Amino acid sequence: DQDLPSDVELARRADRQPIEDVVAPLGLEPADLDQYGDHVAKLSSATTRRLTDRAASSDTRYVLVTGMTPTPRGEGKTVTNVGLAQAFDRLGKTAVAAIREPSLGPVFGVKGGAAGGGHSQVLPMKEINLHFTGDLHAVTAAHNLIAATLDNHVHQGNALEIDVDRIVWPRALDVNDRALREAVVGLGGTTNGPPREDAFVLTPASELMAVLCLASDREDLESRIGRIVVATDADGAPVTVDDLGVTGAVVVLLEDAFRPNVVQTTEGTPAFVHGGPFANIAHGTNTIVADRAAGALADYVVTEAGFGADLGAEKFFDIVAPAADITPAAAVLVVTVRALKYHGKDLWPVEFDALEDPDVEAVRGGFANLDRHVGVLQQYGVPVVVAINRFPSDTDAEVDAILEHCRDDLEVRAAESTVHRDGGEGGIALAKAVDAAVEGHEGTFAPLYDRDAPVSEKIETVATEVYGADGVTFTADARKDLERLERVGLETAPVCLSKTPYSFSDDASKNGAPTGWELTVRELRPAAGAGFVVALTGDVLTMPGLPAEPAALEMGLADDGSVSGLF
Ligand SMILES: Nc1ncnc2c1ncn2[C@@H]1O[C@H](COP(=O)(O)OP(=O)(O)O)[C@@H](O)[C@H]1O
Ligand SMILES: O=COP(=O)(O)O
Ligand SMILES: [Mg+2]
């Protein structure tokens, strides 16, 4: 398999069409777009409202792309998502790839870009991976305006009697910076004070990002922002963004960010790239507005949920689909030979060169992880199709072992996908398997837990039925947090579990399908704006750190304007 040119080189070579031509087959006119140059646009406010007001048309097929428990490099969900949308396009259907927009954190950190790869990318790759249309910068600014307004309120006399030891609204930055995980602000005497402990989260972990992704329209966006709890007062009552009086300014900052970004894939298939929460520290899928707008226009909406099915897919099914009134038609579970070997060899931490050598037995050893993910997805009543995302070093024997296992043992459809190397052509078999699975499926989709169940019961359900835990241990702090939920009206809200993506359990070193363990919940953070409760487990960090060799060290700008080191 001859080596492909780099993603940035392939992106540069792809012949791009004017964005108005890309979306014309969807029935969009130039008047529906606010353009940012020839290849990037946002839906206009009027069109966003028109498309999202429509009931989700029942004949639109929403295909969720999820994955098995990944290695730190990621196993190709975004690549598969883009490639599958291209495949449906090639089969004469209208399709939209609906994915998240990248955060600068991973771009300059370890994972690199999140715009797909090879012949299945969204373009323009450099712009999308860097500033794009400014949405993440807007969220960062809006987040920090709330924080500054809060400290200013306290400085100016604290009429709301905010308890400065119970402020729960951090600051945000879209850069991985462990030095900011815990900070002290307000130093410098009465001019700057009062001093207090503070924290920074990466912008994708900001509750404003979740609000932007879950709001159904502009009015809902505003009321959700106003409901965000930033602190508690001397009586222990919640203090909200509305109480601070800054809701209007935040909406002004986020009005453009709320409208879906419209771009194209390497093959000219439409893509709505919008919203950027990760699935370990947040709910992990793109905006509802992008899903709904795409669903009003296309036969297929192929959308991705981050990390493994235990994270992104669980949150898509239990939080996003109900909030968006979307019924998923199928789930595509992306697996790779290398991730199966990683689980099969029970490696931790991962040594990638050990995964290059052909080893069918090690692939078989990883089936326990694959099988649990298939079982998790089937619990939601959706048909599952396994996509084997083929890497250059994979052998036919390894791929055949997976196909046979899916057919003979799991009795689920599976298809080899070569969309990274071949673009949409490499996803035709997968697209046909998805259609066959949808057409042959009985049963109906349903979230896993009853929407009125108490938060603790919802956490137990996800822990035992999705993660495979024997039960849940709430620390003393978490139990206190549970009691406080009533005061913010979230005692029966959906839960957004914050957990390591590298294991079904809350311990990254336990790969495969761990059994005989308890999930430990150490803290609950009410997200009244997002309308869910974040449950922190293990040692998940909402402000990641840079690795020993950050991707940033490989980047540069050539004289011809091309960027090196972006991948
Ligand atoms: N089949 C493949 N061959 C080579 N590289 C791939 C393949 N699939 C994905 N990649 C690369 O692996 C990295 C992770 O892919 P991505 O689609 O972002 O995974 P995920 O969305 O699951 O995190 C990206 O750099 C991507 O270009
Ligand atoms: O939130 C994580 O998303 P990926 O799995 O696509 O990196
Ligand atoms: Mg991805």
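When reading the values below, keep in mind they use all heavy atoms of this one structure, side chains included, and skip hydrogens, waters and symmetry mates. Computed from a predicted model, the values in this text were never measured in an experiment.
- At a threshold of 4.0 Å, the pair Lys480-Glu483 does not count as salt-bridged, since none of the basic side-chain nitrogens sits closer than that to a carboxylate oxygen.
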Thr492/Asp452 under side chain to side chain donor-acceptor pair (under 3.5 Å): CA gap, chis, key distance, verdict
CA-CA 5 Å; Thr492 62; Asp452 300 328; 5.2 Å; no

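- In this structure, Val63 and Tyr300 have side chains that are in contact, with non-hydrogen atoms separated by less than 4.5 Å.
- Ionic pairing of Asp325 and Arg292 is not present here: no N-O contact between side-chain nitrogen and carboxylate oxygen is shorter than 4.0 angstrom.
- Within 6.0 Å of the CD atom in Glu182, the count of heavy atoms belonging to other residues, nucleotides or ligands does not exceed 12.
- In this structure a side-chain-to-backbone donor-acceptor pair under 3.5 Å is missing from Glu101 to Leu136.
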Does the side chain to side chain contact (heavy atoms under 4.5 Å, CB included) test come out yes or no for His373 and Thr66, once each step is laid out?
CA-CA 10 Å; His373 280 289; Thr66 177; over 6 Å; no

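- A donor and an acceptor atom, one from each side chain of Glu75 and Thr71, are located under 3.5 Å apart.
- With 3.5 Å as the limit, one finds a donor-acceptor pair spanning the side chains of Asn261 and Asp135.
- In this structure, CD1 in Ile228 is found 7.0 Å from OG in Ser206, a value given to the nearest 0.5 Å.
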Do Asn389 and Ser417 pass the side chain to side chain donor-acceptor pair (under 3.5 Å) test, and can you show the C-alpha distance, the side-chain angles, and the key distance before you say yes or no?
CA-CA 5 Å; Asn389 175 27; Ser417 163; 4.8 Å; no

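- A cation-pi geometry, defined here as NZ or CZ lying under 6.0 Å from the six-membered ring centre and within 45° of its normal, holds between Arg73 and Phe352.
- Side-chain atoms of Thr203 and Thr140 include a donor-acceptor pair closer than 3.5 Å.
- In the model, Ser503 has no side-chain atom that pairs as donor or acceptor with a side-chain atom of Asp507 under 3.5 Å.
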Are Phe317 and Tyr380 close enough, and set up right, to give a ring pair (Phe, Tyr, Trp, His ring centres under 6.0 Å), and what steps lead you there?
CA-CA 7 Å; Phe317 291 145; Tyr380 287 94; 4.7 Å; yes

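- With respect to Asp359 and Lys345, a salt bridge is recorded, a charged nitrogen being found less than 4.0 Å from a carboxylate O.
- Side-chain atoms of Asp477 and Thr475 form no donor-acceptor pair, as typed in the model, at a separation below 3.5 Å.
- Between Tyr502 and Phe307, the ring-plane angle classifies as perpendicular under the 30° and 60° cut-offs.
- For the pair Asp435 and Arg61, the salt-bridge criterion is met [side-chain N within less than 4.0 Å of a carboxylate O].
- Residue Glu219 qualifies as enclosed at atom CD: its count of foreign heavy atoms under 6.0 Å is above 12.
- The side-chain tip of Arg372 points at the ring of Phe504 from less than 6.0 angstrom away and within 45° of straight on.
- Salt-bridge formation is not detected for the pair Glu207/Arg525: no Lys NZ or Arg NE/NH1/NH2 atom is positioned less than 4.0 Å from an Asp or Glu carboxylate oxygen.
- Remark: Glu404 CD is packed, more than 12 non-hydrogen atoms of other residues, nucleotides or ligands lying under 6.0 Å away.
- The side-chain heavy atoms of Glu457 and Tyr449, taken from C-beta on, include no pair separated by under 4.5 Å.
- In summary, Arg407 and Glu411 do not engage in a salt bridge, as defined by a charged side-chain N under 4.0 Å from a carboxylate O.
- For the residue pair Thr78 / Asn81, no side-chain donor-acceptor distance below 3.5 Å is found, with atom types taken as modelled.
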